[in-house]
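Structure, as structure tokens:
No experiment lies behind these values; they were computed from the predicted model shown. Note that the numbering runs from 1 along the sequence shown for the chain. Counting starts at 1 for both ligands and their atoms, following the listed order.
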Amino acid sequence: MPTDWTTHFASRTRYIKASVIRELLKIAARPEVISFAGGLPATETLPVDAITDACNKILSTCADRALQYGPTEGHYPLREAIAETYRKRGVPCTAENVLVTTGSQQGLDFVGRALIDHDDRIVIEEPTYIGAIQAWRPCGPQFVGVPMDHDGMIIDRIDLSQPFKLLYLLPNFQNPSGVSLSEPRRRQAVALAHRHKFVIVEDDPYRALRYSGVDVPAILEIEAAMLGKDWNAQGRVVHLGTFSKVMAPGLRVGWMIAPTEALRMFVLTKQGADLHSSTLTQYIANELLRNGTVENNYPRLVSIYRERRDAMMEALGAHVGARGTWSYPEGGLFILLTLPGVNTQDLLARALERNVAFVPGDAFYPDGRGLESMRLNFSCMPPDKIHEGIRRLGELLGETLPADAAMAAG
Ligand SMILES: Cc1ncc(COP(=O)(O)O)c(C=O)c1O
């Protein structure tokens, strides 16, 4: 008789759902598919030679340490190098405030395990990053969505009448919308967190990928400027970073920055999760950070992705036009396309027949709304494929758009 595993799974697994993106990516990986579904850096931007050189150097000079177990907090020189980049921006942090994680996704997992109790209210942007929903759902929180406009979450719309545990913000070129939180709203969020005593989780993988506009201080930096030397005692921001989008996601190196008391709990959580992140890839990341590879790669990343963003903007104008509205991201990897009256799940099935993939918008809402929108990734396809993929989508819309929706949109 086959084993019925459902009788053995813990009750919290009831909340676990497969990520539609990871499922979709399996289909979208076929070479004939023009995929706007992933969130990957373009393969040609990966610093392969620098990583090869770093591996050779590490394995010939310190293999005994790089292949050994290491401290849970992470490789000290890497923690120090990360702290240094934030100190330069005014955050009075040291290596003691930095925990190296296995990608920033692990940081989200630790936030869930260390901070979120069943029924806690968690305030999120609407839409938000699917990986956070996935990480936190097993903790059983209530997700409270707050709408966004072109300046990010409308902070004034947060319902302060009931207490909540944390506010989750993606300040730069949000995944999935591409929208950034304006500086006044970042300041407003910090002020509220201190007045109402909640935690802000700032998830910031994309800041370096800016193609237009001007850099805006991180929420962590705004808080640090406000608190000065009291930041370590009074800070309420947990900041997540990653090398995935500017180095290589396969290295799985990210970090958390927090006041030491909070960081200590994340460290204990990590001990139980994986002892520590890969020592070897931490050594590689440290080498690339210190020898200038990461910084020297920015201009190339920015020029390739800017061209692709512009290509997608142009293609949307030409092939979707008045049938939809879309965000104009100043950086990052994504555009959110809204198509009033269209069910993008149905559209996806038809698009896949024409070898085009995207992510339907309901993936980015905990309660399945957002079906009239889709996330389009522009970083992985060259401009000619972007034009062709959007042309096919536009063609499909011409066939499927209900007449009344077309009138409403037009
Ligand atoms: C907003 C956001 N947070 C976290 C992650 C996870 O990145 P990683 O675990 O590769 O650092 C991603 C990846 O796409 C993301 O978009």
Side-chain angles (χ1 to χ4, degrees), residues 19-22 24-25 28 35-43 45-46 74 78 82 98-112 122 124-137 148 152-153 166-181 200-210 218-220 238-257 266 270 273-274 277-278 281-282 284-285 288-289 294 301 305 327 329 331-336 358-359 361 363-366 375-380:
S19 157
V20 285
I21 299 182
R22 303 220 73 81
L24 190 57
L25 285 182
S35 177
F36 303 131
L40 324 176
T43 313
T45 66
L46 301 175
L78 176 61
I82 292 168
V98 179
L99 167 63
V100 178
T101 55
T102 303
S104 52
Q105 185 64 35
Q106 189 178 47
L108 291 169
D109 182 47
F110 293 166
V111 164
I122 306 296
I124 56 170
E125 293 159 340
E126 236 174 35
T128 194
Y129 173 52
I130 183 174
I133 301 175
Q134 223 188 359
W136 296 342
R137 214 179 228 141
M148 301 169 71
M153 180 189 275
L166 64 87
L167 169 61
Y168 176 53
L169 292 170
L170 286 74
N172 293 305
F173 329 122
Q174 198 235 25
N175 178 358
S177 70
V179 166
S180 298
L181 190 65
I200 296 179
V201 175
E202 176 178 43
D203 187 4
D204 191 16
Y206 301 110
R207 180 175 183 177
L209 302 180
R210 175 176 281 282
I219 295 168
L220 175 71
V238 174
H239 177 95
L240 308 181
T242 180
F243 291 123
S244 286
K245 315 295 174 175
V246 295
M247 203 183 278
L251 294 174
R252 308 303 302 131
V253 182
W255 61 90
M256 302 180 86
I257 298 191
F266 296 129
K270 186 168 172 68
D274 63 355
S277 296
S278 157
T281 61
Q282 290 187 68
I284 295 170
L288 266 59
L289 195 57
V294 178
L301 284 172
Y305 293 160
S327 54
L333 308 179
F334 307 107
I335 288 170
L336 195 76
F358 57 81
V359 184
F364 308 103
Y365 289 76
R375 189 189 75 178
L376 295 168
N377 163 262
F378 56 80
S379 62
C380 293

*Relative to the heavy atoms of P205, which atoms of ligand 1 are at a distance of less than 4.0 Å?*
1 (C), 2 (C), 3 (N), 15 (C)
*Answer yes or no: is there a side-chain heavy-atom contact under 4.5 Å between R252 and Q105?*
yes
*Which pair of non-hydrogen atoms, one from S104 and one from T242, has the smallest distance, and what is that distance?*
OG-CB, 3.7 Å
*Hey, is F243 one of the residues with a heavy atom under 4.0 angstrom from ligand 1?*
no
*asked:* Q105 versus ligand 1: do any nitrogen or oxygen atoms come within less than 3.5 Å of each other?
replied: yes
_Nearest heavy atoms of V100 and K270, plus distance in Å_ = O-CE, 3.3 Å
*What residue and atom, counting heavy atoms only, is the protein's closest point to atom 16 (O) of ligand 1, and at what distance?*
Y206 OH, 2.5 Å
*Does an N or O anywhere in N175 fall below 3.5 Å from an N or O of ligand 1?*
yes
_Per-atom contacts of ligand 1 with K245, taking only distances under 4.0 Å to non-hydrogen atoms_ = 13 (C), 14 (O)
*asked:* With heavy-atom distances below 4.0 Å as the criterion, list the atoms of ligand 1 near L170.
replied: 1 (C)
*Test side chain to side chain contact (heavy atoms under 4.5 Å, CB included) applied to L181 and I219, L170, N172, the passing residue*: I219
*If you measure every N/O of R252 against every N/O of ligand 1, is any gap under 3.5 Å?*
yes
*Given L108 and Y168, is the side-chain contact (heavy atoms from CB on, under 4.5 Å) satisfied, shown in steps?*
CA-CA 10 Å; L108 291 169; Y168 176 53; 3.8 Å; yes
*At what distance, to the nearest 0.5 angstrom, does OG1 of T102 lie from CG of L251?*
11.5 Å
*S244: numbered ligand 1 atoms lying under 4.0 Å from its heavy atoms*: 8 (P), 10 (O), 11 (O)
*Please could you name the atoms of ligand 1 that T242 approaches to less than 4.0 Å, counting only its heavy atoms?*
8 (P), 11 (O)
*Might you point out which heavy atoms bring L240 and M256 nearest each other, and give the distance in Å?*
CD2-CG, 3.7 Å
*Side chain, backbone, both or neither: which part of Q174 comes within less than 4.0 Å of ligand 1 when only heavy atoms are counted?*
neither
